Amino acid sequence: MPPLQPTRALRAARSINLTSSITTSTLTTRTAAAAPSTIRSFSSTPAPRAADHAHEDHYDPPTGWLFGVKPGEKAEKEGWEAIWVYGFFGSLAAGVVAYAFKPDTSIQTWALEEARRRLEVEGILKEPESKS
């Protein structure tokens, strides 16, 4: 037997105000068999339900083996794995090379070069002998 659901009129009356004709005692006696989660006083939409069971299950139950491969058996390679490995490590190598050859744009380096240039212009600091 399905759980007892309050009628639409009962839900409307309860959401507006409990009038004298609908008392708390009648509400509790009418919905005593219903679970608290089935009473939806502020909404007329149906309660959310689980996914449609007509479709097949997308969940593989756990087998207890790492990645579902039995001990002693070799894992079967999938088509995307080699592309992912070469792409990941290739981009990692390109990033390391780019980081190693990036220009020095720190404020300290700029300030040191600017101070040296100004001191050379004023004649306080001698110019380096070999300038390239």
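The model shown is predicted, which means the values in this text are computed figures rather than measured ones. Residue numbers start at 1 and run along the sequence shown.
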In this structure, CD of E113 is separated from CD of Q108 (nearest 0.5 Å) by 12.0 Å
Where do [X] and [Y] come nearest, in terms of heavy atoms and distance?
| X | Y | result |
| --- | --- | --- |
| K126 | E120 | O-OE2, 4.2 Å |
| G68 | T63 | CA-OG1, 3.8 Å |
| T109 | S106 | OG1-OG, 2.8 Å |
| R116 | L125 | CG-CD2, 3.7 Å |

Hey, are E114 and R118 close enough for a salt bridge, meaning a charged N less than 4.0 Å from a carboxylate O?
yes
Sorted by chain and residue number, the side chain to side chain contact (heavy atoms under 4.5 Å, CB included) partners of E78 (sequence neighbours excluded) come out as W80, E81
Which other residues belong to the hydrophobic cluster containing F101, where Ile, Leu, Val, Met, Phe, Trp and Tyr are joined when side-chain heavy atoms lie under 4.5 Å apart, directly or via other members?
V97
Determine whether I83 and Y86 fall in the same hydrophobic cluster, where Ile, Leu, Val, Met, Phe, Trp and Tyr are linked whenever their side-chain heavy atoms lie under 4.5 Å apart.
no
